[in-house]
Amino acid sequence: MRATATEAGRKLTLRGTGGTVDATQGWRIHLKTGTAVSISQFQIVGSRRPRFDYISIVVPIKSVLRFRSSGFRRFAGVLVLALTYVSGSAAVEAPRIIEKDAHYALLVDGKPFLILGGQIHNSSGWPGELPQVWTSMETLHANTIEAPIYWEQFEPEPGKFDYTNVDAIVNGARAHKLRVVLLWFGTWKNGNMHYAPTWVKTDTTKYPRVIRPDGEPIDVLSPLSRNTLEADKAAFTALTRHLKQLDSEDHTVLLIQVENESGNIGSVRDFSAEANRRFAEAVPPDLLAATGKHGGTWTQVFGSEGDEIFQAYYQAKYINEIAGAGKREFNIPLYMNVWIDYPPAQLPQRQIDQPGIAYPSGGAVQKLVGLWRKLAPSIDMIGPDIYSDDSHFYRETLDAYRRKDNPLWIPETGRSDSFAKFLFYALGDGAVGFSPFGVDQSGWNILGNESWTAHARNFALLRPMDREIAQFEFDGKLKTAVEEPGQTAEELDLGNWQATVAFGFPQPDGRRAPGTKDAHGAALIAQLGADEFLVTGVDASINFHLPGKLPWMRSQILSAEQGTYENGVWKPVRLWNGDETDRGLSFYDQPMIVRVKMQRF
């Protein structure tokens, strides 16, 4: 048992979950601000004797406090004592990624967690902007906010760190019952260096830039610079060290994004004298091992792809070192997001898929994600930023990043309604989270001012059971169906049962389902048991039937409970029957969840 003392507030708090301590019978605390706390002679009241893993104490009192069995004394304001227990280690365990049978989960407080996120605009991570951000998160029904931390704000002078924005985001999220994903805008942001501090931008000798083939510098910092790496690493380490002090118990912060869409926009690689010297040398052994290639120069080994792989190699080593240093301070999952490689434009003269132009060269695009996983082991996952609502391309991208060595996570996607149905594709593929970008009301939007409602509708439907969905995914018991143009029905294979999902309403007897105008219908089915399922959807009906038989042939619905989850417990609201079940379970208008039991006869 151990405890810590920190000066940060106006009340004495001992944190945990469940259980009680009799504060009047036989225990005492001796505390002086900034010192360790000794607790002895305590007695547990209740039927179970809890295990204490640790206790934190937050108090502004500068004098020694002595609480004895005779009662509590009052010093410098009202002190509140609330001692509860931590049973086992799960409740105090930091968030982490776990894997089972190629299924991944983000474990938070001992249970799988599904991120239903909203990423705010690039310039909305300031305290003055946060009131409208919290309103936007409520409108979205998000359970997690993604918010940037700017190197230029965080370290305005070398070695002097400003935690104002970080604290405002984390504490504000707690107040609004949200989790947080922090985005580190450091060396790279969208393939440029725009968020580096002024003292980095202006000292091009100490912090050199990438040089184009024609000798011109661009606004990208070179990953070959040890000075730049050490500066970024020092700042990121200061951030993670502070987060450990701020959040080691509450677990408000779930993930940290290391850099943002890293790579070069403007040149396929650095063509500085130092870079050219290294490029002419033999390919490093660790890269040869990662690629299964034989030795030689970069051009000899990789041919026309040598420039891009050279950039990717040094970039991956750079980011991996920063991530490793951060993890040594605060070991929570770290990830990278990627400006992906989109299909070239249709016009013949624009069909040039060139790194450094079409996307930031060196990034973990689709063809390089496997190499990045080998070169940057301190990164827990790599997530694609997807801004194309072409369904075929979107699904191809999910397939590229849903790997045995990489959890699927969508850190950014379009906010318009046309992107909302892809949440169900992602869930069907086992994604640990999904987050549309630009959802706060900042007064301007690079994506335009198109209104959006579909993401909020989906999140409102799923948030009451987000923990359960995450567990179903991890157990491989979740399936989804998603409407596509011209495809108004889909069959789902559930083993002993099949489910026919039909999209759009009305669905008159004997006719095919009409589909929806914009092909947004979706359904989600989780298998609770051999004959029991949790069912929900958007503009869809679901009929269960035995394989090879029509619905109602040798089978029937025993019960169909509409309800919701409250703190992990299923709470039924009413039973569906008659018109609500005779033509399948229909979901439209309002978010609804049904627990259905089937029977063979």
Side-chain angles (χ1 to χ4, degrees), residues 16-18 86-101 103-118 137-138 140-146 173-174 176-181 247 249-255 332-333 380-381 407-411 423-424 426-435 455-480 522-529 532-537 561-573 591-596:
T17 55
V86 179
S87 179
S89 60
V92 298
E93 181 183 41
R96 62 188 178 99
I97 301 291
I98 58 174
E99 183 268 340
K100 177 181 67 176
D101 300 328
H103 296 286
Y104 285 93
L106 171 62
L107 209 65
V108 180
D109 295 333
K111 296 180 180 180
F113 184 92
L114 173 66
I115 294 176
L116 299 174
M137 293 300 109
E138 183 177 0
L140 182 60
H141 300 284
N143 62 19
T144 304
I145 176 178
E146 288 187 42
R174 287 175 184 163
H176 291 85
K177 298 181 179 180
L178 293 167
R179 305 283 183 157
V180 175
V181 174
D247 196 49
E249 296 172 48
D250 292 287
H251 307 156
T252 305
V253 181
L254 305 180
L255 308 171
I332 65 171
D380 294 281
M381 55 185 177
L408 182 60
W409 153 234
I410 313 302
L423 168 62
F424 291 91
L427 293 178
D429 286 340
V432 300
F434 184 91
S435 183
H455 286 300
R457 174 201 64 207
N458 290 348
F459 283 14
L461 172 64
L462 301 181
R463 183 171 179 179
M465 56 176 178
D466 51 13
R467 289 279 192 169
E468 288 70 29
I469 291 174
Q471 186 67 58
F472 295 142
E473 286 187 297
F474 187 53
D475 293 337
K477 296 180 178 180
L478 186 76
K479 289 187 180 290
T480 61
L524 179 151
I525 300 176
Q527 190 149 13
L528 304 179
E532 188 173 5
F533 306 91
L534 195 72
V535 187
T536 190
E561 289 183 345
Q562 180 187 339
T564 188
Y565 280 96
E566 294 181 10
N567 298 320
V569 178
W570 174 253
K571 300 288 186 180
V573 175
M592 292 183 291
I593 310 166
V594 172
R595 189 167 181 165
V596 59

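Everything numeric in this text was worked out from a predicted model, so none of it was measured.
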Checklist entry - What do the steps show when you test Met465 against Thr536 for side chain to side chain contact (heavy atoms under 4.5 Å, CB included), and what is the final call? => result CA-CA 11 Å; Met465 56 176 178; Thr536 190; 3.8 Å; yes
Next on the checklist: List the residues meeting ring pair (Phe, Tyr, Trp, His ring centres under 6.0 Å) with His103, not counting sequence neighbours, and say none if there are none.
Outcome noted: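 His103 satisfies ring pair (Phe, Tyr, Trp, His ring centres under 6.0 Å) with no other residue.
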Provide the closest heavy-atom pair for [X] versus [Y] in the form atom of the first, atom of the second, distance.
X	Y	answer
Leu254	Pro95	O-CB, 3.8 Å
Ala173	Thr252	CB-CG2, 4.2 Å
Arg467	Val108	NH1-O, 2.8 Å
Gly118	Ala142	N-CB, 4.3 Å
Trp409	Ser435	CH2-CB, 4.4 Å
Phe459	Pro464	O-CD, 4.4 Å

Next on the checklist: For a side chain to side chain contact (heavy atoms under 4.5 Å, CB included) check, start with the C-alpha distance between Trp570 and Glu561, then their side-chain angles and the critical distance, and finish with the verdict.
Outcome noted: CA-CA 10 Å; Trp570 174 253; Glu561 289 183 345; 2.8 Å; yes
Taking the side chain as C-beta and beyond, is there a heavy-atom pair between [X] and [Y] under 4.5 Å?
X	Y	result
Pro411	Val181	no
Ile115	Leu255	yes
Leu427	Leu462	yes

Next on the checklist: With a sphere of 6.0 Å drawn around CD of Glu532, does it hold more than 12 non-hydrogen atoms of other residues, nucleotides or ligands?
Outcome noted: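 More than 12 heavy atoms, drawn from other residues, nucleotides or ligands, come within 6.0 Å of this atom.
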Checklist entry - Does NZ in Lys177 sit with more than 12 non-hydrogen atoms of other residues, nucleotides or ligands closer than 6.0 Å? => result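 For Lys177, atom NZ is not crowded (no more than 12 foreign heavy atoms under 6.0 Å).
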Measuring from atom [atom1] of [X] to atom [atom2] of [Y], what distance do you get when rounded to the nearest 0.5 angstrom?
X	Y	atom1	atom2	answer
Phe424	Leu478	CZ	CG	10.0 Å
Thr564	Met592	OG1	CE	12.5 Å
Lys477	Leu534	NZ	CG	12.5 Å
Met137	Glu146	CE	CD	9.0 Å
His141	Arg463	NE2	CZ	9.0 Å

Next on the checklist: The test is side chain to side chain contact (heavy atoms under 4.5 Å, CB included); show your working for His176 and Ile145 and say whether it passes.
Outcome noted: CA-CA 10 Å; His176 291 85; Ile145 176 178; over 6 Å; no
Item to check | Partner of Ile97 under side chain to side chain contact (heavy atoms under 4.5 Å, CB included), chosen from Leu107, Ile332, Leu106 | outcome: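 Output: one option passes, namely Leu106.
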Hey, is the main chain of [Y] close enough, under 3.5 Å, to the side chain of [X] for a donor-acceptor pair?
X	Y	result
Glu473	Ala431	yes
Asn143	Leu114	yes
Thr480	Leu524	no

Next on the checklist: Is there a side chain to side chain contact (heavy atoms under 4.5 Å, CB included) between Lys571 and Tyr565? Walk through the geometry before answering.
Outcome noted: CA-CA 6 Å; Lys571 300 288 186 180; Tyr565 280 96; over 6 Å; no
Item to check | Parallel, tilted or perpendicular, as decided by the 30° and 60° cut-offs, for the rings of His455 and Phe434 | outcome: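 Phe434 and His455: tilted rings.
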Checklist entry - Are Arg179 and Asp109 close enough for a salt bridge, meaning some N to O gap below 4.0 Å? => result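 Salt bridge: yes.
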Checklist entry - Is any NZ, NE, NH1 or NH2 atom of the basic residue among Arg96 and Asp380 found under 4.0 Å from an Asp or Glu carboxylate oxygen of the other? => result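 No salt bridge links Arg96 with Asp380.
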